[in-house]
**Student:** 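One structure coming up, written as structure tokens, with questions to follow.
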Amino acid sequence: MELRFLHFYPDLMNLYGSYANVSVLKRYLEQLGHTVTVEAVVPGGPAEIAGADFLYMGAGTERAQKAALADFARFGEAVRTAAESDVTVLFAGTAMELLGKTITDQSGTVYDGIALANFSAVQGKIRFVEDVYGSTDLYDEPVVGFMNKCSVITGVETPLLTGISLGYGNQGEKTPEGFHRKNVFASELTGPILVKNPRLLETVAAAILARRGESLPEVRPKDPWAEAGYAITAEQLKLRCQNS
């Protein structure tokens with residue numbers, strides 16, 4: 001099967017090695033025998049969202065985020081339409097906030113998001129910096145990652161991480177984190193999140209294939225380095241939770 005990815009602003013929004021989310025997903029699907037083409041979307045450039053199988057944007061500074069939003073707003077209707085038709089979407093880091101209704105910066109200036117979801121972000125002077133250990137309703141294994149943000153997000157009805165034992169979520173310490181609806185996955189966790197969480201990688205890949213009428217095979221590709229890294233990270237963060 002031929003699959004087409006759109007990677008929005010890979011240079012502008014690429015903190016914490018965010019590009020690796022696309023790289024690891026592409027490699028995973030290619031190991032399953034599929035052909036994956038990644039199209040970079042740059043500010044002012046074209047983007048054919050209709051027919052895409054996966055839409056992605058990574059993390060950026062708050063300044064870069066506003067620059068990305070200024071261009072991304074023109075795709076709002078098309079992205080909302082794609083999401084409603086079950087196209088798989090992953091927005092990581094500060095890109096998550098672009099999917100909501102509004103972003104308010106430290107000066108009080110309000111920016112309109114694309115309103116794919118009904119949440120709002122308010123950015124302050126305090127940064128939330130911490131490892132994160134949480135749970136999701138998508139599978140049984142813990143979710144791990146790293147948080148470095150200055151925003152409080154309110155109005156999320158369906159979080160990606162339904163519980164957090166360590167670190168910060170949408171509204172503060174140990175609150176639910178991210179956003180998930182249909183095939184839209186969004187989280188401020190960095191690391192990158194698909195590299196750090198092999199089960200989430202499988203979940204996103206499965207969503208892409210399911211929309212095209214296929215499912216993951218019982219025998220799946222395994223990256224021993226990623227699996228080992230996840231196991232160590234999860235165990236150490238679990239111990240921190242138990243000792244706190």
Side-chain angles (χ1 to χ4, degrees), residues 15-18 20-21 24-25 28 56-60 65 88-100 116-124 126-207 223 225-244:
L15 282 180
Y16 311 111
S18 290
N21 283 318
V24 71
L25 182 59
Y28 186 86
Y56 176 75
M57 191 189 302
Q65 176 201 58
T88 302
V89 177
L90 173 63
F91 274 41
T94 51
M96 170 183 163
E97 299 172 17
L98 275 63
L99 299 179
L116 185 150
N118 290 324
F119 60 79
S120 296
V122 177
Q123 298 172 344
I126 298 174
R127 299 204 71 86
F128 304 102
V129 184
E130 176 63 279
D131 293 312
V132 173
Y133 181 87
S135 58
T136 178
D137 290 341
L138 296 173
Y139 50 83
D140 292 335
E141 290 186 9
V143 177
V144 301
F146 182 73
M147 177 73 66
N148 184 353
K149 67 169 187 172
C150 66
S151 60
V152 173
I153 299 175
T154 57
V156 174
E157 298 178 354
T158 52
L160 180 62
L161 275 65
T162 51
I164 287 184
S165 302
L166 176 71
Y168 298 93
N170 292 332
Q171 294 185 254
E173 189 172 10
K174 297 183 180 180
T175 61
E177 198 280 329
F179 170 77
H180 173 244
R181 186 176 69 207
K182 301 181 80 170
N183 286 343
V184 177
F185 306 83
S187 173
E188 298 248 21
L189 295 186
T190 58
I193 191 171
L194 295 188
V195 177
K196 280 182 167 285
N197 296 276
R199 298 294 82 72
L200 186 58
L201 170 64
E202 291 180 348
T203 300
V204 172
D223 183 333
W225 297 104
E227 296 284 349
Y230 168 80
I232 293 170
T233 301
E235 179 62 25
Q236 291 301 310
L237 294 182
K238 181 180 179 180
L239 288 174
R240 283 178 56 187
C241 293
Q242 294 172 344
N243 295 330
S244 62

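Here the structure is a predicted model, which is why all the values come from computation and not from measurement.
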**Student:** When you compare the side chain of N148 with that of T190, does any pair of heavy atoms fall below 4.5 Å?
**Tutor:** no
**Student:** Verify, without hydrogens or angle tests, whether N170 (side chain) and I153 (backbone) share a donor-acceptor contact under 3.5 angstrom.
**Tutor:** no
**Student:** Give every donor-acceptor pair under 3.5 Å between a side-chain atom in residues 180-187 and any protein atom, sequence neighbours left out.
**Tutor:**
residue	atom	partner	partner atom	Å
H180	NE2	K182	O	3.0
R181	NH2	L116	O	2.5
K182	NZ	E84	O	2.8
N183	ND2	D86	O	2.7
S187	OG	E177	OE1	2.8
S187	OG	E177	OE2	3.4
S187	OG	L189	N	3.0

**Student:** Using the test side-chain contact (heavy atoms from CB on, under 4.5 Å), find all partners of T175 that sit at least two apart in sequence or belong to another chain.
**Tutor:** Q171
**Student:** As an exercise, state the distance from OG1 of T136 to CG of L200, rounded to the nearest 0.5 Å.
**Tutor:** 7.5 Å
**Student:** Under the salt bridge (Lys or Arg N to Asp or Glu O under 4.0 Å) rule, collect the residues that match up with E130, sequence neighbours excluded.
**Tutor:** R240
**Student:** My understanding is that only residues two or more places apart in sequence, or in another chain, count here; which of them pass ring-ring contact (aromatic ring centres under 6.0 Å, His included) with Y230?
**Tutor:** none
**Student:** Looking at G169 and I164, what are the two nearest heavy atoms and their distance?
**Tutor:** CA-CD1, 3.8 Å
**Student:** I'd like to check the side-chain contact (heavy atoms from CB on, under 4.5 Å) partners of Q242; sequence neighbours left out, ordered by chain and number.
**Tutor:** K238, L239
**Student:** Among all residues two or more places apart in sequence or in another chain, which pass the salt bridge (Lys or Arg N to Asp or Glu O under 4.0 Å) test with R127?
**Tutor:** E62
**Student:** Using the rule given for side-chain contact (heavy atoms from CB on, under 4.5 Å), can you reason through I193 versus N21, listing the C-alpha separation, both sets of side-chain angles and the distance that settles it, and then say yes or no?
**Tutor:** CA-CA 7 Å; I193 191 171; N21 283 318; 3.8 Å; yes
**Student:** Using the side-chain contact (heavy atoms from CB on, under 4.5 Å) criterion, which residues pair with V195? Sequence neighbours excluded.
**Tutor:** A20, V24, P192
**Student:** Taking all non-hydrogen atoms of both residues into account, name the closest pair between C241 and L166 and its distance.
**Tutor:** SG-CB, 3.5 Å
**Student:** Who are the salt bridge (Lys or Arg N to Asp or Glu O under 4.0 Å) partners of D137, not counting sequence neighbours?
**Tutor:** none
**Student:** Please evaluate residues V204 and Y28 with respect to the criterion side-chain contact (heavy atoms from CB on, under 4.5 Å), reporting the C-alpha separation (whole Å), side-chain torsions for both, the decisive distance (0.1 Å), and the verdict.
**Tutor:** CA-CA 11 Å; V204 172; Y28 186 86; over 6 Å; no
**Student:** Looking at Y56 and S18, what are the two nearest heavy atoms and their distance?
**Tutor:** OH-O, 2.8 Å
**Student:** Are any non-hydrogen side-chain atoms of T158 and F179 less than 4.5 angstrom apart?
**Tutor:** yes
**Student:** Which pairs count as salt bridge (Lys or Arg N to Asp or Glu O under 4.0 Å) when at least one residue sits in residues 141-151, sequence neighbours excluded?
**Tutor:** E141-R199
**Student:** Counting C-beta onward and ignoring hydrogens, is there a side-chain heavy-atom pair between L138 and L160 closer than 4.5 Å?
**Tutor:** yes
**Student:** Listed by chain and number, what are the salt bridge (Lys or Arg N to Asp or Glu O under 4.0 Å) partners of K174, not counting sequence neighbours?
**Tutor:** none
**Student:** Hey, could you give me the CD1/CG distance between I232 and L237, rounded to the nearest 0.5 Å?
**Tutor:** 11.5 Å
**Student:** What ring pair (Phe, Tyr, Trp, His ring centres under 6.0 Å) pairs are there with at least one residue in residues 129-178, not counting sequence neighbours?
**Tutor:** F128-Y168
**Student:** Under 3.5 Å, sequence neighbours excluded: what are the donor-acceptor pairs made by side chains of residues 88-98?
**Tutor:**
residue	atom	partner	partner atom	Å
T88	OG1	I208	N	3.4
T94	OG1	G60	N	2.9
T94	OG1	G60	O	2.7
E97	OE1	Q65	NE2	2.9
E97	OE1	Q123	NE2	3.1
E97	OE2	S151	OG	2.7

